[in-house]
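First comes the structure, then the notes that go with it.
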Number of protein chains: 2
Amino acid sequence: MKTNTQLKQILQSEGFRYTPQRQMVWNELRKMGGHHDCEEIYDELKSKGTRVSRATVYRTIDVLARNGMVRKLEVGDGIARYEAKEDEDHHDHMICLDTGDIIEFYDEELERLQEKIVEKHGYTLVKHVHQLFVKKK
Amino acid sequence: MKTNTQLKQILQSEGFRYTPQRQMVWNELRKMGGHHDCEEIYDELKSKGTRVSRATVYRTIDVLARNGMVRKLEVGDGIARYEAKEDEDHHDHMICLDTGDIIEFYDEELERLQEKIVEKHGYTLVKHVHQLFVKKK
DNA sequence: TTCTTTATTGAGAATGAGTCTCATAAGAGT
DNA sequence: ACTCTTATGAGACTCATTCTCAATAAAGAA
């Protein structure tokens, strides 16, 4: 689990400042768990009487995403969702078209296969987006 | 290759009308080839002096996508791109972060593996989004 | 601690892809 | 050609996200 001290180190090592707003957004997203959009994070913080602006939530989430603290998830409805990357638990997502549920999955073989395909084309894999849209059986 | 007659059949079988605007958008996207956003399609048609509105391009692309004539591609920059689905040539995309190039790929094993993973979780695969973001070696 | 420099914040305006409205036009069946 | 209904055009509108800019506050220096 990433501590606030780690947040501080990561931010400062990249020349960013360690501000209360950034701590709040980061901790809130971690506390909420799962996948949330900026509006949800903003509302949650607001409901707790926290003094933070919408713009700052968007900006902070962006900073966190750029530094690998947070992962961006676009499901196709025009609203970006984010999840805190606690440890190195890489996974992809299954989105249930019936319920909207987001299920995480990971498959070693799949990961290897992707690397192989990219290499075959003469490239290096930087990141990937893999979403399986499913329905209950 | 899908003919205009096929476009007519597909549209009408779903209760949609076979209009000149729909033909134009469909043929333009096919002629352009590759992946394009609605604005590009609109501009292209406009530059040829065609009388079509922006709204109609968006509406038509949506109708075509709903009927499997066109495939939507979201690369994460907030602009939806589309490609004509000529035949049954399913493929996924590699996006080069250096050049912005979009390369198509297909891997049989990958397809099977996805099905397997979904089944394992008790779901049925409806569709998937699989994008590999790469850099030149 | 105080000073300086410079990034960050808040509030609201601005942006822009995509959608909606509604009066008019035009497919398609009869 | 007639009728019913869907499609279109033009522009207004949405709404997530970004930008502006004056005020604020990190963080290092003195």
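A note on names: the letters A, B, ... follow the listed sequences, proteins ahead of strands, and every chain is numbered from 1.
For the residue pair B:Glu108/B:Tyr106, the side-chain donor-acceptor check at 3.5 Å is satisfied. Between B:His90 and B:Glu111, the side chains place a donor N or O and an acceptor N or O closer than 3.5 Å (distance only, hydrogens not considered).
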At under 4.0 Å between heavy atoms, how does the protein contact nucleotides 11-21 of chain C? Give one character per nucleotide, 5' to 3', with B, S or -. BB----SBBBB
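Taking only side-chain nitrogens and oxygens, B:Gln21 comes nearer than 4.0 Å to OP1 or OP2 of D:dG9. Between B:Arg22 and D:dA7, a side-chain N or O to OP1/OP2 separation shorter than 4.0 Å is present. Contact between the side-chain N/O atoms of A:Thr19 and the OP1/OP2 oxygens of C:dT8 is not found at any separation under 4.0 Å. Within the 4.0 Å cut-off from OP1 or OP2 of C:dG29, not a single side-chain nitrogen or oxygen of B:Gln12 is found.
A donor-acceptor contact under 3.5 Å is formed by the side chain of B:Arg17 with the base of D:dT6.
Atom CD1 in A:Ile61 sits about 13 Å away from atom P in C:dT9, given to the nearest Å. Rounded to a whole Å, the CD atom of B:Gln23 is 14 Å from the P atom of C:dA26. Summarising the geometry, the separation between CZ on B:Arg66 and P on D:dA7 is reported as 12 Å, rounded to the nearest angstrom. With rounding to whole Å, A:Glu14 atom CD is found 18 Å from C:dT6 atom C1'.
Using a 4.5 Å heavy-atom cutoff, the side chains of B:Leu73 and B:Ile102 are in contact. No side-chain heavy atom of B:Tyr82 sits under 4.5 Å from any side-chain heavy atom of B:Leu64.
Checking B:Arg71, B:Arg81, B:His93 one by one against B:His35, the side chain to side chain donor-acceptor pair (under 3.5 Å) holds for a single residue, B:His93.
Between B:Lys48 and B:Glu28, at least one side-chain N (NZ, or NE/NH1/NH2) sits under 4.0 Å from a carboxylate O, which counts as a salt bridge.
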